[in-house]
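Data block below; observations after.
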Amino acid sequence: MDETASCGRCGGTVAPDGHCWDCGAAQVAFRARLEIEAAGGAAGVSDRGTRREINADAMALVTRGAWTIGVVCDGVSMAPRAERAARVAAEVGVTALAGLLESGVLPEVALAEAAGRAGRAVAGLADTGSANTGERDGVAPACTWVAGVVGPEGLWSGSVGDSRAYWLPDKGPGMALGEDDTGDLEALTAWLGADADQPVPHVRSYRPGCAGRLLLCTDGLWRHRPDAAGLRAVLGEADPLDGARALVSYALEAGGQDNITALVVPVPTATD
């Protein structure tokens, strides 16, 4: 079912959580499986998994001139309207990055600014409390955020939370880019939302010496295969869309307990 689908029961408008605004009916398989592609071959796949009723992951992808830009977000499961938070953060983040890069802003600066804009957009989804005090009532959607940019001079990534970016070269084992914002028992220590601090993304730049691919993914994938070499082996020599499908299939076959998203951006030639 796509973003503009009508209710299967009454024909009304489907809300971002997969329920009809008019009759309230849950829509069968709403956003259960999504695939996107962009010019230049970048592609992503998102799957609801085997245990979740709602796919609270989101992804966005765009090519602007020499830049290919991707964003992947994971709605925090304990927060309300997590799927809405992820979708807003992904769309705002990719739009901000595209505009900033086209205007000549350095990728490192653009990633930090885009994370801030995405964070403010997610914070704006929170219900307000007293009209007199302006205090929040604790209903605050939240999500993680990871973005990647590939251009003629290399690749860049920025992350808030525990969604990850990986560099997976055609030759060699690859590596994770950035670090997770987690503490004891792997609890999140940073995220986007009204109850979060101003986001300070972990920004990483890399100038690869060979061709390869940049992978952006949620923990529904990397918890089953956290090592870059293992992810590279699953990806194989497939094109980005088939590679993303293979990664998602791997996580599903491993149990698929969470939503799973993999977005693959090719780095077609070595940077000199």
Side-chain angles (χ1 to χ4, degrees), residues 1-4 13-19 21 26-27 30-32 34 36 44 46-49 51-62 69-97 111-129 135-148 158-165 178 180-182 186-202 216-222 258-263:
M1 184 174 293
D2 63 26
E3 305 289 347
T4 60
T13 302
V14 178
D17 66 355
H19 291 75
W21 283 113
Q27 305 301 298
F30 180 74
R31 300 184 73 246
L34 301 171
I36 58 174
S46 183
D47 194 283
R48 185 175 58 187
R51 307 285 181 87
R52 303 284 189 177
E53 293 183 358
I54 294 174
N55 186 356
D57 283 0
M59 56 185 175
L61 183 61
V62 68
I69 306 155
V71 179
V72 166
C73 299
D74 182 358
V76 176
S77 60
M78 299 301 292
R81 299 195 300 278
E83 72 290 335
R84 181 62 172 159
R87 292 169 69 184
V88 165
E91 292 298 334
V92 170
V94 82
T95 300
L97 278 168
L111 283 161
E113 173 63 23
R117 293 187 191 181
R120 290 190 291 275
V122 175
L125 298 175
D127 292 340
T128 55
E135 293 179 353
R136 301 288 181 181
D137 63 3
V139 181
C143 67
T144 67
W145 191 85
V146 63
S159 64
V160 180
D162 62 358
S163 291
R164 291 184 178 181
D180 297 339
D181 290 304
T182 54
E186 298 186 344
L188 286 175
T189 57
W191 58 89
L192 303 186
D195 57 351
D197 295 330
Q198 174 68 20
V200 180
H202 301 280
L216 307 177
C217 64
T218 58
D219 64 342
L221 171 60
W222 68 253
D258 202 350
N259 305 148
I260 309 153
T261 299
L263 192 153

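This is a predicted model, so every value here is computed, not measured.
A pairwise comparison of heavy atoms in C73 and A90 identifies SG-N, 3.6 Å as the closest pair. Taking every heavy atom of both residues into account, V76 and A82 meet most closely at O-CB, 3.3 Å. Scanning all heavy atoms of the two residues, the minimum distance from A60 to V94 falls at CB-CG1, 3.6 Å. Pairing each heavy atom of T261 with each of M59, the nearest pair is CG2-SD, 3.9 Å. Contact record, W191 with C143: CB-O, 3.6 Å, taken as the closest heavy-atom pair. Across all non-hydrogen atoms, the minimal contact from V122 to A85 is CG2-O, 3.6 Å.
Residues passing the salt bridge (Lys or Arg N to Asp or Glu O under 4.0 Å) test with D180 are R164, sequence neighbours excluded.
Under the 3.5 Å distance criterion, the side-chain polar atoms of S46 are left unmatched by any main-chain donor or acceptor of L34. W145 places no side-chain N or O within 3.5 Å of a backbone atom of A114 that could act as its donor or acceptor partner. Listed for the N259 side chain is no donor-acceptor partner under 3.5 Å among the backbone atoms of G220. Here the side chain of R81 pairs a donor or acceptor atom with the backbone of L125 at under 3.5 angstrom.
Of the charged side-chain nitrogens involved, at least one lies within less than 4.0 Å of a carboxylate oxygen, so that R52 and D258 count as a salt-bridged pair.
Taking CG from D162 and OG1 from T144, the interatomic distance works out to 5.5 Å, rounded to the nearest 0.5 Å. To the nearest 0.5 Å, the span separating CG on D47 from CG on N55 amounts to 7.0 Å. To the nearest 0.5 Å, atoms SG (C217) and CG (L263) are separated by 10.0 Å. One distance of note links CG of D181 with OG of S159; it measures 6.5 Å at 0.5 Å rounding.
Residues L188 and T182 have side chains in contact (heavy-atom distance under 4.5 Å, counting atoms from C-beta outward). V160 is listed as a side-chain neighbour of P199, based on a closest heavy-atom distance under 4.5 Å.
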Checklist entry - Would D57 and T218 satisfy side-chain hydrogen bond (donor to acceptor under 3.5 Å, both in side chains), going step by step from the backbone distance to the final call? => result CA-CA 8 Å; D57 283 0; T218 58; 2.9 Å; yes
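Residue pairs meeting the salt bridge (Lys or Arg N to Asp or Glu O under 4.0 Å) criterion with at least one partner in residues 114-123, sequence neighbours excluded, are E113-R117, E113-R120.
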